[in-house]
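To find a chain, count down the sequence lines: A is the first, B the second, and so on, and within it residues start at 1. For clarity, every value in this text was computed on a predicted model and none was experimentally measured.
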Amino acid sequence: MLRLSKDIWENRHVLRSQFYVNIKTTVATTKLGMLWWILDPLFLMLIYYFVVKVIFNRGGENFHLFLLCGLVTYQSFSRSISLCTSALTRSEGLIKQASLPMVIYLVISPLVQAFFGMIGLIIIMIWNYHALGLHTLSIVVPVFLTIIISFTAGLFLSIFEVYIRDTGRFITYILRFGLYLCPVLYSPDRIYESQSIPEYAKTLYSLNPMVHVITAVHDLLFYGKMFDPVPILIVFAFVLVIMQFGLFFFRRVSPYVPKLL
Amino acid sequence: MVSFDNVSLCFRKHSSLFELLFKNKNKELDFWALKGISFSIYQGETLGIIGRNGSGKSTLSLVCTKIYQPDNGNIEINGQVQLLALGVGFQKQLSGRENVYISGCLLGLKTFEIRERMNEIEEFADIGDFMDEQVRTYSSGMRSRLAFAIATAIRPDILILDEVLATGDRAFQDKAMDRMKNLHALAKCAIIISHNPAQLKQLCNKVIWLEKGRIVMQEEPMQVLDAYQAFCKNPNEWIKKNPEFFCDA
């Protein structure tokens, strides 16, 4: 972890310039540019709102805002994971020309996606201004957690992608399915209070860190209250342990990566 | 400053993560891109590397920059090494000036160092107002000039040049050659990879001739380059006459 901090600090100029490149090129490649970052979840919100609220007549009051909180957070997470998975294979040219610590390639995407995610979250804050308060400042906690969860997953997935190029394709389907395993379309209470779901499935559900991250975002921006710190602290500790293991694995294998690209 | 002791590097034809983690390697699948490479360069020296395509020249430069990790042998490097690469991280949707920052950072410069050297880069690239236009609007010559200007703005201790002088028109090549000589004078030592014997004779103290990842000859430039040129005219005949050089190739 100390070495990671050292690598990030020593390469802060590269990180800053790559962050800028990612933001600028995302904007430059489409006519509507950055607007897509709010249009995407808005369109998804309209689709799910139509299915859940109109067709199935489910979802509570202000369901559109509830959906939007979950969709923006999940989309930021899902894009980070996809980009982290392909971070090494996409950067083949750079890896063979610039002698940067390879872990740097994994840090960029979660930061860029968090930036775009924050834009969406700020729009939700303005839209649902009744929920604003001092607790809103704590939004940085779930955003930071999303960054470190994606980075940690990237430590493993980026290496798997180098060895098994189909990894990215599987991840796309897992992430699509993951949307339904997170409380984006429903409240987590629906799972915990269900009589038909077995206890072990409920335990497995609670082990998904994104369940707690999205719940925290709902608490802050939809319900307008502080999130429960206990599950967030547990997720944080759990991710740090996995990250340490991931860094060990990544450092063990990454020196061989340039030869395989 | 740079010392290679019996360095070998292999590419595995079918690598698996399991093999890598548990060292259960099938040796028959190994392809040795470099085998038993030993040489030293001291401060003030310039080493030239010559060889046919696929002889391992670029692989050797990537080992020097620690991008490729050797499978055997020891490497000792004292000082900052930089492989002079053109157009690192170039983004065609961004302006030339923005690309100077992006590429410069990737080559190891800090933002304030790039700012300090911006005039020098602009002057050398000589692309006028195009500096603030998107790189996708550039001709290939303009792109090469800008890339060369950025790459040569770095001041490493050990400089590695891999065929960078083969870019642009004749006038630009002459200008680039002068720039290289200045850069070369500033670096403590340099490694030049080239297919051009005349260039190596002009710049190097010592030349290594590589063939199939092995060192065939490592001597004074004249001696190595004359032998290499004779070899290139008729490789089979040269090998017949000088079998001692290829005994383990």
Inset, instruction - Assess whether side-chain contact (heavy atoms from CB on, under 4.5 Å) is satisfied between A:Val14 and B:Lys110, documenting all intermediate values. - result: CA-CA 8 Å; A:Val14 181; B:Lys110 295 185 170 57; over 6 Å; no
Inset, instruction - Evaluate side-chain contact (heavy atoms from CB on, under 4.5 Å) for B:Glu98 paired with A:Lys24, printing each intermediate quantity in order. - result: CA-CA 10 Å; B:Glu98 286 169 319; A:Lys24 200 78 195 279; 2.7 Å; yes
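Atom CZ of A:Phe156 has more than 12 neighbouring heavy atoms from other residues, nucleotides or ligands inside a 6.0 Å radius. Heavy-atom contacts from other residues, nucleotides or ligands closer than 6.0 Å to CZ of A:Arg165 number more than 12. A:Phe236 CZ: 12 or fewer foreign heavy atoms inside a 6.0 Å radius. The local environment of CZ in A:Phe238 is sparse, with at most 12 non-hydrogen atoms from other residues, nucleotides or ligands closer than 6.0 Å.
For residues 53-110 of chain B, every residue pair satisfying the ring-ring contact (aromatic ring centres under 6.0 Å, His included) rule, not counting sequence neighbours, is listed here: B:Phe11-B:Tyr68.
For B:Leu106, the parts sitting under 4.5 Å from any heavy atom of chain A are the backbone and the side chain alike. When heavy atoms are compared at a cutoff of 4.5 Å, B:Gln91 approaches chain A solely by way of its side chain, counted from C-beta outward.
Taking 4.5 Å as the heavy-atom cut-off, none of the residues of residues 78-90 of chain A approach chain B.
Atom OG of A:Ser17 and atom CD1 of B:Ile114 lie 7.5 Å apart (nearest 0.5 Å). Annotation: the span from A:Ile95 atom CD1 to B:Ile67 atom CD1 amounts to 9.5 Å, rounded to 0.5 Å. Atoms CZ and OG1, from A:Arg12 and B:Thr111 in turn, are 8.5 Å apart once rounded to the nearest 0.5 Å. A distance of 9.5 Å separates CD of A:Gln97 from CG of B:Leu62, quoted to the nearest 0.5 Å.
Using a 4.5 Å heavy-atom cutoff, the side chains of B:Leu9 and A:Lys259 are in contact.
For chain A, the option among B:Cys10, B:Ser61, B:Ala33 with the highest count of heavy-atom pairs below 4.5 Å is B:Cys10.
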